[in-house]
Amino acid sequence: MEYNHKEIEARWQQFWRDNDVYRAEIDNSRPKFYVLDMFPYPSGAGLHVGHPLGYIASDIYSRYKRQQGFNVLHPMGYDAYGLPAEQYAIQTGQHPEITTRQNIARYREQLDKIGFSYDWNREIKTCDPEYYKWTQWAFQKMFDSYYCNASQQARPVAELVAHFEKHGSEGLNVACSKELTFTADEWNALTEKEQRQRLMNYRIAYQGETMVNWCPKLGTVLANDEVSEGVSVRGGYPVEQKLMNQWCLRVSAYAQRLLDGLDKVDWTDSLKETQKNWIGRSEGAEMRFKVADSDIELEIFTTRADTVFGVTFMVLAPESKYVDMVTTDDRRAAVAEYLDAVKHKTERERQIDKRVSGVFTGAYAVNPLTGKNIPIWVSDYVLAGYGTGAIMAVPAHDSRDYAFARHFELPIIPLIEGADVSEESFDAKEGKMMNSCGPELDLNGLEVKDAIAKTKQFIAEKGIGKVKVNYRLRDAIFSRQRYWGEPFPVYYKDGEPYMLDASKLPLELPEVSSYLPTESGEPPLGRAQNWATEEGYPLELCTMPGFAGSSAYYLRYMDPRNNEALVGKEANEYWRNVDLYIGGTEHATGHLIYSRFWNKFLFDMGQTVEDEPFRKLINQGMIQGRSNFVYRIKDTNTFVSLGLKKDYDVTPIHVDVNIVSGDVLDLEAFKQWRPEFATAEFVLEDGKYICGYAVEKMSKSMFNVVNPDDIVEKYGADTLRLYEMFLGPLEQSKPWDTNGIDGVNRFLKKLWGLFEKVDLDNRVAASKEELKAVHKLIKKVTQDIENFSFNTSISAFMICINELTSLKSTNAEALETVTRVIAPFAPHIAEEFWHRLGNQGSVVDAEWPKHNEDYLKEDNVNYAVSFNGKARFNIQVPAGTAKEEVEKIALADPNAERWLDGKTPKKIIVVPNKIVNIVI
RNA sequence: GCAGGAAUGGUGGAAUGGUAGACACGAAGGACUUAAAAUCCUUUGGCCUUUAUCGGCUGUGCGGGUUCGAGUCCCGCUUCCUGUACCA
């Protein structure tokens with residue numbers, strides 16, 4: 001019988017569904033293992049062949065762990081809120097929910113065909129009210145919490161209020177937007193509204209006037225990780241800075257814990273490094289510079305406290321509140337003009353335009369160590385969002401300050417011995433200090449490191465400043481002026497936000513007449529009828545961002561139908577956290593920061609038992625497209641084959657990769673592809689039209705999308721699974737090339753053929769050679785799976801089957817072992833074999849075999865004999881021969897004479913079972 | 001600029017410091033076939049030698065080093081990818 005993948009795969013997929021074999025339940029008698037894929041956003045384009053790469057890897061691992069006796073949780077769901085569905089809704093008027101539901105159905109259909117072992121009973125969708133109830137709930141918890149720096153955890157706001165009532169801000173060590181100082185009496189005298197406004201300064205979910213990334217084209221604000229190089233990640237539209245009142249999450253309060261937690265997880269160094277950079281911890285000092293003839297003090301942050309003697313001017317960010325305070329009357333016009341010019345630049349323009357610009361405020365500050373007056377400037381090279389929005393400029397040892405000083409002809413004082421600052425600044429933190437002696441502090445002769453420490457100590461003692469740790473990590477902006485997202489469980493009374501009562505959750509997303517902002521510029525929810533509480537208070541018009549729903553979904557899978565909690569205690573204590581998380585590296589600074597933050601917050605609340613959500617994380621590489629080109633001779637409809645195109649003036653045109661095979665174009669299909677090519681003529685080489693190729697992103701517009709459905713239809717799911725793994729190392733990006741798929745398909749046919757010959761009625765003992773081949777396979781595949789080196793295990797299968805084929809093996813035991821080992825990779829064919837061999841149940845529960853070293857032992861051992869490291873010939877000796885004996889045999893070999901050339905060996909090295917190296 | 005990663009045949013890629021190129025694709029030749037597809041067999045890094053065997057030299061981006069022995073370890077470069085960027 002032929003290998004009929006269609007019949008086999010359909011039959012066993014049905015069997016799995018009918019018997020619910022992938023259902024996971026809490027079972028205290030078995031250890032748990034939680035394998036998770038980053039759930040997909042169901043886009044309208046469906047899955048292409050790149051998407052399942054990570055899913056296949058995680059599926060193999062899940063099945064392997066299950067066969068090893070673990071109770072495996074392997075769920076799947078959908079990150080259903082997102083911009084594309086909403087953009088589509090704006091264009092067509094179709095409700096995004098309908099689009100999303102259709103897309104999800106299509107995804108599910110595609111996923112099912114590949115034979116994944118997901119427990120679909122646990123499926124979740126972020127747009128499902130039963131799910132987003134818990135997103136809203138967590139938001140409310142964050143609103144009702146503040147972050148205590150002393151105990152390094154979130155605490156109820158009620159405790160903070162109690163503190164204010166007794167002590168005011170005295171003795172407070174909490175995360176906040178602004179340092180405020182007030183007494184208990186002052187606090188108690190505030191109205192309720194004023195108290196609530198002040199509490200916003202401390203809440204973990206808070207509303208604040210912040211500089212946001214505003215994308216006019218999308219009509220919404222974006223988080224930092226949603227913006228790249230000044231344009232939106234989705235859509236690539238320009239982004240500008242705008243001051244807006246927005247909901248924010250105080251992620252920055254968790255910066256240190258997010259950093260420390262990285263030591264506890266098993267992630268790649270590069271991913272940890274990316275997160276470390278994103279968190280951007282820097283140790284330095286905060287210092288105050290007095291403004292001359294004024295009570296104003298400028299606060300600055302520096303990592304180079306040692307360079308204060310070289311400060312020759314100060315610079316304020318254009319948005320700094322100090323600008324208005326210090327500017328002298330005669331400079332007001334000039335400063336205003338500069339601020340105006342800066343304001344009209346978008347973030348992108350500000351990044352691209354690296355020309356030095358700035359304006360003098362007319363004011364001077366006093367250098368606290370030299371007592372000298374230094375000018376205060378304004379320039380957009382200083383960022384409002386980092387540190388204090390003001391800097392002390394040390395042109396000799398900072399390249400940006402240097403460029404500024406050169407441009408405006410400000411003095412440059414070198415502070416490090418031997419540093420030549422005539423052409424460029426000396427930025428390195430090394431060398432001996434000079435020119436650094438004042439009335440109270442002398443740093444001359446010290447190493448930079450020591451000078452920094454001494455200065456920090458000095459300024460702290462003198463009360464000029466303090467040691468300070470700064471983080472680059474910003475609070476997450478949590479409002480989106482959009483329709484298709486979770487509504488905030490918030491209403492407004494007297495202009496102040498209040499949380500809806502927990503019994504009112506979930507607050508469901510209302511219907512709207514149009515998905516565009518209102519005429520008055522309000523978000524689309526402004527169009528909703530009766531968007532107010534029962535008492536008539538208006539509800540929040542913004543919705544939550546994409547990352548809201550994906551921040552705790554892994555917890556919900558543990559207990560997806562629980563109506564009382566995000567996750568029940570029993571389920572959480574059993575499943576704990578994700579043991580293996582597989583997904584793309586593009587989430588390094590978004591989802592993977594937010595969900596760690598979210599999890600840590602829930603941990604503080606006592607809602608989850610693990611501090612880190614993802615124990616081990618693997619980033620699968622991206623599968624790129626391999627585009628094909630045809631070359632049209634200019635102004636004709638004639639196409640010339642790749643090898644001959646140099647003789648013509650040609651335009652390359654993308655051609656659908658599905659009508660190209662092995663870079664050879666199917667001419668008839670090409671003519672039918674598009675009407676304008678119906679009359680195409682060709683210049684062929686060797687009777688064929690050879691296309692050019694390029695590796696590009698897989699996308700419709702490049703005509704290089706390969707659909708997994710087509711592969712499954714033609715070759716079967718098992719072939720697709722094997723081939724995706726065979727393509728190369730999991731974590732490496734690589735182009736998709738369907739050409740090699742015949743190899744793994746041939747392998748499966750061979751395996752099938754081998755099985756067809758098994759005599760199931762007359763079982764005989766496996767031969768020594770068979771046992772050796774099979775146990776070699778077990779050993780290799782087990783090692784490979786543990787190392788996520790799936791490509792090499794596919795090779796191991798091919799080698800084993802080739803060996804068994806040449807042995808004419810038809811031994812049932814040998815093939816049963818092969819079946820167990822191949823089951824995670826090719827579950828359909830394995831299930832078929834499993835049942836033919838007379839087993840009950842499903843092969844997913846077949847015990848994973850252990851290899852026996854005894855079968856792998858050789859009677860004779862091969863040694864390569866080398867001279868001075870260069871291998872020359874081989875010898876065979878009985879296993880277990882002593883080293884001395886091996887040396888003798890090597891030297892006595894007739895071949896040895898030739899290479900010894902009459903000399904006596906100086907030294908002989910014998911590496912067991914490998915090599916005899918003779919040094920002459 | 002900074003951080004991380006990579007570089008091996010025509011291609012994808014294998015190699016706990018121990019005979020580089022496993023496995024697969026492609027290609028070439030052959031068998032079967034009226035023919036094609038499918039399948040099977042042989043060859044396949046480069047160069048040289050040979051009728052053929054046998055054999056030799058060379059070879060893992062470049063230049064050094066450590067070692068009996070380096071694709072692998074160390075130092076210095078080049079190129080490419082990924083992330084990030086006036087972060088003081």
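Numbered from 1 within each chain, the chains take letters A, B, ... in sequence-line order. Only a predicted model underlies this, so the values are computations on that prediction, with no experimental measurement involved.
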Aromatic rings Phe408(A) and Trp377(A): how do their planes relate, parallel, tilted or perpendicular, breaks at 30° and 60°? tilted

Residues Ser282(A) and Asn470(A): side-chain donor-acceptor under 3.5 angstrom: no

Is it true that Glu696(A) and Ser627(A) share a donor-acceptor pair across their side chains at a distance under 3.5 Å? yes

Comparing Ala390(A) and Arg872(A) on RNA chain B - which has the more 5′ nearest nucleotide: Arg872(A)

Taking both distances under 3.5 Å as the test for a Watson-Crick or G-U pair, what stems of at least three pairs does RNA chain B have? B:1-7 with B:78-84, B:10-12 with B:23-25, B:26-31 with B:39-44, B:45-48 with B:55-58, B:61-65 with B:73-77

Near Gln876(A) CD, under 6.0 Å, is it more than 12 heavy atoms from other residues, nucleotides or ligands? yes

Walk me through it: do Tyr381(A) and Val356(A) pass the test side-chain contact (heavy atoms from CB on, under 4.5 Å)? CA-CA 8 Å; Tyr381(A) 83 87; Val356(A) 177; 6.0 Å; no

Quote, to the nearest angstrom, the P distance that separates rA20(B) from rU60(B). 12 Å

Rounded to whole angstroms, how far apart are CZ on Arg472(A) and P on rC2(B)? 17 Å

Nearest-neighbour nucleotide for the Lys907(A) side chain, rC68(B), rA88(B), rG4(B) considered: rC68(B)

Could you tell me whether the side chains of Ser795(A) and Thr792(A) share a donor-acceptor contact shorter than 3.5 Å? no

Compare every heavy atom of Ala390(A) with every heavy atom of Leu316(A), then report the nearest pair and how far apart it is. CD2-CB, 3.6 Å

Whole angstrom value for the distance that separates P of rC40(B) from CZ of Phe747(A): 13 Å

On a whole-Å scale, what distance lies between the C1' atoms belonging to rC48(B) and rC68(B)? 29 Å

Roughly how many Å apart are rU8(B) and rC23(B), using the C1' atom of each and rounding to a whole number? 15 Å

Tell me which pairs pass side-chain hydrogen bond (donor to acceptor under 3.5 Å, both in side chains) where either residue lies in residues 903-917 of chain A, with sequence neighbours left out. Ser866(A)-Asn917(A)

How far does the P atom of rU67(B) sit from the matching atom of rC62(B), given to the nearest Å? 23 Å

Starting at atom CZ of Arg400(A), determine the distance to atom P of rA85(B), rounded to an integer number of angstrom. 14 Å

Report which part of the nucleic acid Trp899(A) touches: base, sugar-phosphate, or nothing (heavy-atom distance under 4.0 Å, all strands). sugar-phosphate

Glycosidic torsion of rG9(B) (syn if within 90° of 0, anti otherwise) classifies it as syn

Just the rounded figure in Å: distance from C1' of rA88(B) to CG of Leu316(A). 13 Å

I need the CG-P distance between Leu592(A) and rU84(B), as an integer number of Å. 13 Å

rC87(B) OP1/OP2 closer than 4.0 Å to side-chain N/O of Tyr471(A): no

What's the gap between rU44(B) and rU53(B) when it is taken at their P atoms, as a whole Å value? 10 Å

Determine the interatomic distance between P on rU50(B) and the same-named atom on rA31(B); round to the nearest Å. 30 Å

If only side-chain N and O atoms count, and only distance matters, is there a donor-acceptor pair under 3.5 Å linking Tyr3(A) with Glu756(A)? no

Between Arg626(A) and Trp736(A), is NZ or CZ placed under 6.0 angstrom from the six-membered ring centre and within 45° of the ring axis? no

Working to the nearest 0.5 Å, report the span between CD of Gln620(A) and CD1 of Ile618(A). 10.0 Å

Expressed as a whole number of Å, how far does the C1' atom of rG56(B) sit from that of rU49(B)? 8 Å

Determine the interatomic distance between C1' on rG9(B) and the same-named atom on rG5(B); round to the nearest Å. 24 Å

Rounded distance in Å - CD1 (Ile300(A)) to P (rC87(B)): 15 Å

Indicate for each nucleotide in nucleotides 12-27 of chain B, in 5' to 3' sequence, whether protein heavy atoms under 4.0 Å reach the base (B), only the sugar-phosphate (S), or nothing (-). BSS-B-BB--BBSSS-

Ser270(A) side chain, from C-beta outward: closest of rA85(B), rA3(B), rG4(B): rG4(B)

When the distance from CZ of Arg898(A) to P of rG55(B) is rounded to whole Å, what number comes out? 8 Å

Between rA88(B) atom P and Ile376(A) atom CD1, what is the distance in whole Å? 22 Å

